[in-house]
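Data first, discussion second: the structure below is written as structure tokens.
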Protein chains: 2
Amino acid sequence: MSDVARLAGVSKMTVSNVINNRPGVSDQVRHRVLEAIRQSGYRVNVSARTLKSGRTGVIGLAVPEIDRPYFGQLAAHVIDQARQRGFHVAIEQTGAAAAGEIDAIAHSRTLHFDGLILSAVELDRTEDQRLPDADYPIVMLGEQDFGGRFDHVAMPNEEGTKAATAHLIDRGCRRIAIITGNSLDGVNVVTRRYRGYLAALTERGLDADPALLFTLDAMTLDEGRAAAHRLADSGREVDGVVAVTDTVAQGVLRGLADRGLRVPDDIRLVGFDDIPESKFMVPSLSTVAPDHRWMAAKAVELVTRRVRAPLRQPGEYTAPFELLLRESTR
Amino acid sequence: MSDVARLAGVSKMTVSNVINNRPGVSDQVRHRVLEAIRQSGYRVNVSARTLKSGRTGVIGLAVPEIDRPYFGQLAAHVIDQARQRGFHVAIEQTGAAAAGEIDAIAHSRTLHFDGLILSAVELDRTEDQRLPDADYPIVMLGEQDFGGRFDHVAMPNEEGTKAATAHLIDRGCRRIAIITGNSLDGVNVVTRRYRGYLAALTERGLDADPALLFTLDAMTLDEGRAAAHRLADSGREVDGVVAVTDTVAQGVLRGLADRGLRVPDDIRLVGFDDIPESKFMVPSLSTVAPDHRWMAAKAVELVTRRVRAPLRQPGEYTAPFELLLRESTR
DNA sequence: TTGTAAGCGTTATCAA
DNA sequence: TTGATAACGCTTACAA
């Protein structure tokens, strides 16, 4: 910067003013400075600016694993939205563990990210004492409930699963299984989707059979497949399956194929998320499609707003959704 | 830091020495300082450290789109490897456009990333004049050829596709189509994989029929599906298909299903990449599986090494691979 | 409209 | 073994 100033015959301050488009610089001087910048190949040092301003221009995004389609899609949208507001995104993987999620928060502060979007799947309000003070801009994205302590962008978990289950019933299914996570105690995604499932059954006068609840240790392709094997091998009569996510549904689809069960002929299947692959599966997957772009946009809007106004009252926002009817429930 | 120093009754410099585990601090003083740090809740300011050292501890990773399974997987591995070496990763999406790839380089320098891993799919050696000086640590990952100007971690494109095609021939296929990108002129992934396909045909004494080459505008699910439709509607007799990537193969699988063609009964299909979904597709997909973890580890090793020694001679490295035989070629 | 001085929080250097 | 000083590159506050 000093070099540029010398080249243009002005002070560093004037160079700074030109760079930041501040008013009060004569056109002539502005021109000389811009020319000097061009000649010298000068580029601002972001670290210095950061040190002075206390802002890094970086938002952290913490997800369980970036290579799960849902989180990849989420990241893509968040990166796009952040860029539009002049922020960069650093990605942290929590490994779907509470410790990883706590680490992500600590890390985010240490590295002076301006804010953090945390897609928590383990952490919840019961871990109160491990959560940070509310003075750091954190937006919770997805599922867990923190009792209004943070801004929260939620999925339409209950409504979505209810609509999906009702759709199976409309198609004539009467023995509907649900394949979901094993953490049915807390207030989390698993519980909420389960409640949506129960609500639909009740509303249509069907009984919920506890034997038709199959639980997973993780929301993965492998676990979904294994659950489908258990379902098929249990000998229970089942004509419909609600899977907790599309990724799990993809595993289920594969697991049913392993056992010679055809979808939708023998069993109808519905998922949740509308990952990009869903419409290309064989058969294509009916699913609850929350508006991912909306969620990413909301989350980024909330963090960036909170960067400017840290002490606003946290808000709760639920994404709109659509039920997509495809071959798996035809 | 001043506060800590005052609390411990020492100078800032001593605090710095303690924080960085530098020798020459008495145990007694070290203890006092650590206690003062605990009490005050002090945390280093990374920006200041960055300003002083010129290093940000961040590596950029530029990929076409983070929500394609292959790149998600790649990112997951790169983030893990980088963390093990004390680096963070910021992800940039290039949109699979040459301009986006150039931007990523410029961006990476502006933000003072310590280095950049660029998964270029458009840029190549012909764009010489737009490429930066070699003084900035860039590692090219994947496909394009830059004539030895950058460190380059390559896929086993030719060998892998050759092995995949030979496998189809072994299974009895005689009319083997290839579905790939449309940039068959440069030295890129598409050309190399095409050469591998041709090599296998030649070696086994089969003629390459130009009518069996189907090209795509992008390596996406949608394009793969559309190509399968064109293939089925062409009326040409085809008993095997080599798809340029697993994602394209997934689209092809769907497209063939749309036309009532069964895999592997009517047509055998093989992909490239071994994305996590491949083994869960219906039918499961035979594919060329490059060692992704190896590639990520190599790339991170190369950037971080180049951060320390910017002027080393660039090297060329090709990942090992395995041919995975699954249902789609049974 | 332009310039000067001070300071953001570290660390390298050298002196004590 | 410890400390004083200057410097990294920028911007805020104020003076000219």
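Between B:Ser53 and D:dC8, a side-chain N or O to OP1/OP2 separation shorter than 4.0 Å is absent. Residue A:Arg49 has no polar side-chain atom (N or O) positioned under 4.0 Å from OP1 or OP2 of D:dG9. Here A:Ser16 does not reach the OP1 or OP2 of D:dC10: none of its side-chain N or O atoms lies under 4.0 Å away. Between A:Ser26 and C:dT2 there is a side-chain N or O to OP1 or OP2 distance below 4.0 Å.
Across the protein-nucleic acid pair, B:Met1 atom CE and D:dT2 atom C1' stand 14 Å apart, rounded to whole Å. C:dG9 atom P lies 7 Å from atom CG of A:Leu51, rounded to whole Å. The distance between atom CG of B:Asn45 and atom C1' of C:dG9, rounded to the nearest whole Å, is 5 Å. Rounding to whole angstrom units, CZ of residue A:Arg22 and P of C:dG3 are separated by 14 Å. Residue A:Lys12 contributes atom NZ, which lies 19 Å from atom P of D:dC14 at whole-angstrom precision. Residue A:His31 contributes atom NE2, which lies 19 Å from atom C1' of C:dT2 at whole-angstrom precision. In this structure, A:Asp3 places its CG atom 10 Å from P of D:dC10, rounding to the nearest Å. In this structure, B:Arg55 places its CZ atom 12 Å from P of C:dA12, rounding to the nearest Å.
Heavy-atom nearest nucleotides on DNA chain D were determined for B:Met13 and for A:Ser2, and the one closer to the 5' end corresponds to B:Met13. Of the two residues near DNA chain D, B:Lys52 and B:Asn17, the one whose nearest nucleotide lies more 5' is B:Asn17.
Here A:Arg38 pairs with A:Glu35 in a salt bridge; the nearest charged N to carboxylate O distance falls below 4.0 Å.
The aromatic rings of A:His292 and A:Tyr70 lie tilted to each other, with the angle between the two planes from 30° to 60°.
Side-chain atoms of B:Ser16 and B:Arg22 include a donor-acceptor pair closer than 3.5 Å.
Counting heavy atoms of neighbouring residues, nucleotides and ligands inside a 6.0 Å radius, atom CZ of A:Arg293 does not exceed 12 of them.
The backbone N or O of A:His112 lies less than 3.5 Å from a partner atom in the side chain of A:Thr56, making a donor-acceptor pair.
Here the nucleotide nearest the side chain of A:Ser11, chosen from C:dT4, D:dT2, C:dT1, is C:dT4.
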